[in-house]
A.B. asks: 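This is the structure, below, for whatever I ask next.
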Amino acid sequence: MNLETHYMGLALKNPLVASASPLAKNLDNMRAMEDAGASAIVMFSLFEEQIKQERESLEDFANFAGESYAESLSYFPKASDYEVGMEQYMKLIQKASTSLHIPVIGSLNGTTKHGWIQYAKQMQEAGASGIELNVFFIPADFSLSGVDVESRYVDILSAVKASVEIPVAMKLSPFFSSIGNMCKRLDNAGADALVLFNRFYQPDFDIENQEIYSNLQLSTSSEIRLPLLWIAVLYGKISASIGASRGVEKAEDIIKYIMAGSDVVMTTSAILRNGIPYFKTMLNDLERWMTEHEYESVQQMKGSMSQEKVANPTAFERANYIKLLKSWSPSDTL
Amino acid sequence: MITSADFIGCHQAQFLDQFDILEQAAEGATFLLNSIHSADEVWAHMPRPIQQSIISKKIKFYVIDAYKVARDAHMGGRINTIMQTCFFAISGVLPREDAIQKIKDAIKKTYGKKGEDVVLQNYAAVDATLAGLHQVTVPTSVSSKIELAAVMPAHAPQFLRDVTARIIEGKGDDLPVSAMPIDGTYPTATTKWEKRNISQFVPEWDADLCIQCGSCAFVCPHACIRAKLYDQDKLSNAPEGFRGVKPKGKDFQDQRYTLQIYVEDCTGCELCVTVCPAKSKENSAHRAINMVEKEPIHQREITNEKFFDTLPQPIRDNTNFSSVRGIQFIEPLFEFSGACSGCGETPYLKLLTQLFGDRMMVANATGCSSIYGGNLPTTPWAQTSEGCGPAWANSLFEDNAEFGFGYALTNEMHEGMARKLLQTLAPTVGDTLAKAILDAPQLTDAEITAQRARVRELKNKLSSIRTSEAKSLFTLADRLIRRSVWVIGGDGWAYDIGYGGLDHVIASGRNINILVLDTEVYSNTGGQASKSTPIGAIAKFANGGKEVGKKDLAMMAMAYGHVYVAKIAMGANRAQTIQAMREAEAYNGPSIVIAYSHCIAHGIAMKDGLEQQKLATQCGHWPLFRYDPRRTPLGENPLVLDSAAPKSAFKDYAYNEIRYRMLSRQDPEHADVLMKRAQAYVDERWKVYKDMADHGKKQDGETAQA
């Protein structure tokens with residue numbers, strides 16, 4: 001069975017990629033993912049403001065109350081050679097890219113143009129095979145129009161593309177008025193891949209203590225439908241590769257995404273839930289299903305259920321929505 | 001001594017209210033003031049003598065709101081760099097442009113490795129400083145009606161007015177030796193006379209939202225939050241704005257409850273806010289106690305505080321000493337110390353004084369607690385309205401346990417002598433009275449109050465008896481009231497330098513109490529590793545992270561079998577903290593209580609100190625327990641675990657603190673190794689404690705099965 005695929009210019013042995021997660025904070029885990037069959041690894045996201053905050057808190061607390069009392073001019077050993085995330089991140093990319101045989105893709109979330117460019121360049125220097133721009137941006141500033149928000153994405157992509165030579169992917173949220181148009185603009189701006197979709201960490205409320213808390217909710221197959229819809233619609237209409245991300249629990253989900261038109265399928269939740277060897281399980285299941293259904297390659301399956309290839313293209317549009325509504329009638333007991 | 005200064009900087013504007021800080025300024029000197037008032041407004045806020053000096057000495061006067069610049073530049077409350085920049089900009093020690101360039105060069109050198117954005121951020125702070133620094137146009141005549149406030153009010157005790165005030169003014173060198181007390185004793189209860197006004201932000205009580213739980217008063221490190229319950233008719237003289245509300249619950253409905261903040265003594269740590277459980281239903285950010293700017297409420301709260309002080313103190317005999325809610329009403333006899341803002345040690349000391357009051361005799365090891373506890377010019381160990389309070393002394397670092405042991409032995413000796421004399425004099429003073437005194441159990445406050453009354457009666461009778469025995473007993477009679485001897489110090493003393501003595505004292509079996517304020521590092525001298533420092537934490541002398549496990553002092557003490565041992569953390573369980581202290585004191589033998597004390601040397605926001613205590617317990621690093629030898633003869637297991645099995649990872653607690661996180665940034669691989677070792681240590685310790693605590697239970701089970 002030929003599982004090979006191409007993603008953002010990289011030749012991959014199969015379509016199953018480890019998406020950005022805390023698992024990639026450790027080289028041993030990354031090696032285990034490679035051994036289990038992952039065809040590429042996206043590093044955990046480097047958040048620019050996190051680095052800034054970390055640097056400030058290390059400086060503040062390590063120097064707190066310094067030189068205020070004659071008997072103790074400081075409360076910590078003098079620390080000048082510490083590294084605040086960024087340096088360690090680059091070292092990890094360096095180690096991973098030299099010791100693994102699969103591509104290692106850096107993941108970056110900047111807050112300033114300077115940050116986006118500086119860290120992207122450093123990732124390239126460290127040996128990353130590509131960069132995924134993770135634009136985790138909630139436009140809470142009401143003076144920003146939709147056009148401003150969209151331009152921000154395009155500007156970031158253009159700036160990073162202009163500063164590095166390795167391929168650049170853009171991970172998107174679904175919250176655009178016209179996702180297709182947005183994807184097209186990013187495609188035109190030179191994106192080597194689009195990853196659909198980002199999962200925002202939305203806060204929850206603790207009603208007993210009246211506090212906001214955030215915890216990581218692992219995705220489930222029920223979340224597959226929105227990315228599936230847009231991947232199927234986009235397939236064949238953009239030149240950038242397409243990465244699917246969200247709700248991959250089993251081989252069946254991988255198959256659906258490939259049939260919609262994904263070049264790669266990314267997963268973290270399934271691995272966090274079942275352990276790193278689960279890559280192998282999913283790949284075996286994928287291969288078995290393809291054999292049973294007499295597929296020869298991933299390439300053959302890719303986009304087979306996309307909007308341009310299905311028998312009823314309107315199934316992806318409004319007509320299908322109306323049909324669905326008509327098909328559902330409430331039970332008498334409701 | 002500088003008597004003619006060319007430059008004077010005043011970093012805390014409140015000094016202006018009390019001190020003639022320009023007294024030593026030279027003609028034409030430069031004066032830099034950190035003030036919230038702008039260059040146009042500041043002159044109107046200057047006391048008359050300061051205005052006079054500025055005009056007559058032709059002083060060049062500059063002003064900056066350094067705290068605002070620091071906040072805007074994300075530097076928190078650190079203004080030293082800002083004030084330093086101002087100094088170089090205006091002092092004339094270097095040409096201004098050269099000086100600024102050299103500051104920026106220094107920034108580049110210090111922060112260059114950390115990235116250009118860090119360098120730019122620091123440059124921005126320098127530029128913002130220069131933009132915020134303004135010369136004040138000095139009028140030609142004095143306009144102020146504000147006089148310098150007296151350092152010590154006229155109604156303060158004479159010693160404070162004559163001696164303490166001079167030291168506070170910075171003129172201690174002018175005092176003659178004869179001004180010092182001849183016997184080495186020094187007045188206590190004096191911090192209340194030194195209003196430091198060091199915080200711009202203070203808590204404000206929302207009486208309507210408050211559930212009167214007492215948590216804020218309990219955790220306040222500086223005893224700036226006090227609660228009283230009093231007859232409602234007392235409110236008839238209350239100043240406007242003074243709140244007295246109905247007590248929560250069904251009882252005491254004819255009384256009123258007030259929580260008073262001593263705003264001039266508050267250090268702005270915010271522990272009270274973070275511990276407050278009452279949140280507004282309309283606005284979750286608003287609690288029953290909230291930080292507000294001090295200036296607008298300052299005068300109102302001073303007036304309220306004066307009235308509050310006139311309200312009666314509760315009677316100890318009626319207090320529920322087992323609850324936080326009850327203890328809030330007890331007057332603390334440790335107040336307004338010079339400890340760090342948010343200190344994790346002082347709430348324990350304050351609690352001890354609330355529980356055991358003026359019967360306490362404290363031997364204090366050298367360290368933080370001796371510095372904030374007894375450093376001149378003022379003393380936080382306080383007195384009741386009757387003028388009684390704990391006796392306190394500091395000997396050395398290395399001999400504190402022995403020093404306190406001396407107190408205990410002396411007490412035993414004096415009490416023994418007094419009892420013998422009383423037996424001899426019983427027919428003279430009355431057999432009934434003598435027997436009542438000799439047999440008094442003195443376990444509760446009510447019983448101690450009764451004993452005090454009996455001793456007063458005894459002394460009254462003795463005063464008219466002319467025999468030598470009667471005179472001797474008169475001088476010793478107070479020893480018939482049970483005293484509470486406490487040996488107090490930090491981990492540097494208890495685990496390291498004073499350990500030999502501590503071990504000797506607990507081995508003695510004598511009745512003595514030890515409180516270890518465990519910050520897991522030598523705090524006072526600047527964060528050197530002690531045997532209490534945990535695996536993975538960095539400290540001076542453990543720059544690469546502590547390699548070996550924290551000494552288990554509690555386990556070593558428990559090994560004797562006759563020592564009461566407890567580990568407490570008030571952030572994790574306040575009721576257990578109270579219980580352990582009371583049990584330790586009541587135990588007629590040696591007791592040691594080891595208290596988790598968060599510290600600036602941990603590298604945390606101090607307002608989160610109690611939360612860190614909770615996490616330390618939850619992860620198993622700081623299990624709570626009480627080992628009480630009184631349970632052994634009853635066939636019970638002496639060890640009771642008061643905290644649950646670890647439910648989080650050690651690193652989830654540890655990496656909130658710079659002492660651990662810094663290593664992960666300097667040497668992540670080694671940090672990882674140490675973190676795994678630390679987790680294994682925590683797991684193993686918990687297993688040992690759990691096995692010990694379950695020991696009897698297992699045997700019972702086996703017996704039942706057999």
Side-chain angles (χ1 to χ4, degrees), chain A residues 25-28 48-49 51-92 95 110-119 121-122 205-213, chain B residues 74-78 80-81 110-111 113-118 120-122 277-281 283-287 338 340-341 368 371 521-529 538-544 599-606 657-659 661-669 672:
Chain A
K25 285 188 172 177
N26 171 319
L27 190 59
D28 290 340
E48 188 184 356
E49 78 268 43
I51 290 168
K52 192 163 167 274
Q53 278 170 9
E54 176 73 347
R55 187 183 286 125
E56 282 174 7
S57 76
L58 286 172
E59 282 292 319
D60 280 358
F61 292 130
N63 295 316
F64 186 75
E67 299 186 25
S68 60
Y69 177 50
E71 283 197 36
S72 46
L73 298 180
S74 69
Y75 290 86
F76 284 96
K78 195 162 177 60
S80 51
D81 294 331
Y82 62 84
E83 298 174 335
V84 284
M86 184 248 299
E87 299 91 340
Q88 291 177 5
Y89 191 92
M90 301 310 167
K91 277 185 188 167
L92 189 56
K95 279 186 196 164
T111 50
T112 62
K113 199 168 178 180
H114 176 78
W116 285 107
I117 293 170
Q118 181 196 357
Y119 296 136
K121 276 184 179 168
Q122 289 180 13
F205 291 168
D206 171 353
I207 56 173
E208 291 299 328
N209 297 306
Q210 286 177 268
E211 281 171 7
I212 293 173
Y213 72 95
Chain B
H74 306 288
M75 295 167 81
R78 283 189 293 122
N80 50 350
T81 309
T110 308
Y111 298 108
K113 269 190 185 173
K114 298 187 173 33
E116 200 185 339
D117 49 337
V118 187
L120 292 175
Q121 189 184 344
N122 278 276
K279 291 182 180 174
S280 158
K281 293 207 165 23
N283 175 4
S284 63
H286 183 79
R287 301 188 188 216
C340 298
S341 181
C368 282
I371 301 304
V521 72
Y522 285 77
S523 302
N524 188 54
T525 47
Q528 292 79 15
I538 60 159
K540 290 172 188 165
F541 305 135
N543 290 26
C599 178
I600 58 168
H602 294 178
I604 55 167
M606 293 296 271
E657 305 192 347
I658 296 296
R659 60 175 166 154
R661 206 157 81 228
M662 186 62 91
L663 187 63
S664 77
R665 297 308 187 202
Q666 289 173 319
D667 188 349
E669 282 166 16
D672 203 34

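Protein chains get the first letters and strands the later ones, always in sequence-line order, with residue 1 at the start of each. Scope of the values below: all heavy atoms of this structure, side chains included, with no hydrogens, waters or symmetry mates.
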A.B. asks: Given that the side chain runs from C-beta out, which part of B:A539 has a heavy atom under 4.5 Å from chain A: side chain, backbone, both or neither?
C.D. replies: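 Contact with chain A: backbone only.
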A.B. asks: Are side-chain heavy atoms of B:R665 and A:E87 found at a separation under 4.5 Å?
C.D. replies: no
A.B. asks: Working to the nearest 0.5 angstrom, can you tell me the gap between B:S284 OG and A:D206 CG?
C.D. replies: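 Separation between the atoms: 11.0 Å.
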A.B. asks: Take A:F76 and B:M662 through the test side-chain contact (heavy atoms from CB on, under 4.5 Å) and record every step on the way to the result.
C.D. replies: CA-CA 10 Å; A:F76 284 96; B:M662 186 62 91; over 6 Å; no
A.B. asks: Taking B:I600, B:D667, B:L663, B:N543 one by one, which has the highest count of heavy-atom pairs under 4.5 Å against chain A?
C.D. replies: B:I600
A.B. asks: Strictly distance-based, threshold 3.5 Å: is any side-chain N or O of A:Q210 a donor or acceptor partner for the main-chain N or O of B:N283?
C.D. replies: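 Not at all, since once roles are kept as given, no pair shorter than 3.5 Å links the two residues.
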A.B. asks: Considering residues at least two apart in sequence or located in another chain, which fulfil the side chain to side chain contact (heavy atoms under 4.5 Å, CB included) criterion with B:T525?
C.D. replies: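 Here the qualifying residues are A:E71, B:Y522, B:Q528.
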A.B. asks: Side chain, backbone, both or neither: which part of B:S280 has a non-hydrogen atom closer than 4.5 Å to chain A?
C.D. replies: backbone
A.B. asks: Could you walk me through whether A:S74 and B:K540 satisfy the side-chain contact (heavy atoms from CB on, under 4.5 Å) test, starting with their C-alpha distance in whole Å, then the side-chain angles of each, then the deciding distance to 0.1 Å, before giving a yes or no?
C.D. replies: CA-CA 10 Å; A:S74 69; B:K540 290 172 188 165; 2.8 Å; yes
A.B. asks: Side chains of B:N524 and A:S72: closer than 4.5 Å at any heavy-atom pair?
C.D. replies: no
A.B. asks: Evaluate the side-chain proximity of B:R661 to A:E54: yes if any heavy-atom separation is below 4.5 Å, no if none is.
C.D. replies: yes
A.B. asks: Mind checking side chain to side chain contact (heavy atoms under 4.5 Å, CB included) for A:F61 and listing every partner two or more places apart, or none if nothing turns up?
C.D. replies: A:S57, B:A605, B:I658
A.B. asks: May I ask you to decide whether B:K279 forms a salt bridge with A:E208, counting only side-chain N to carboxylate O separations under 4.0 Å?
C.D. replies: no
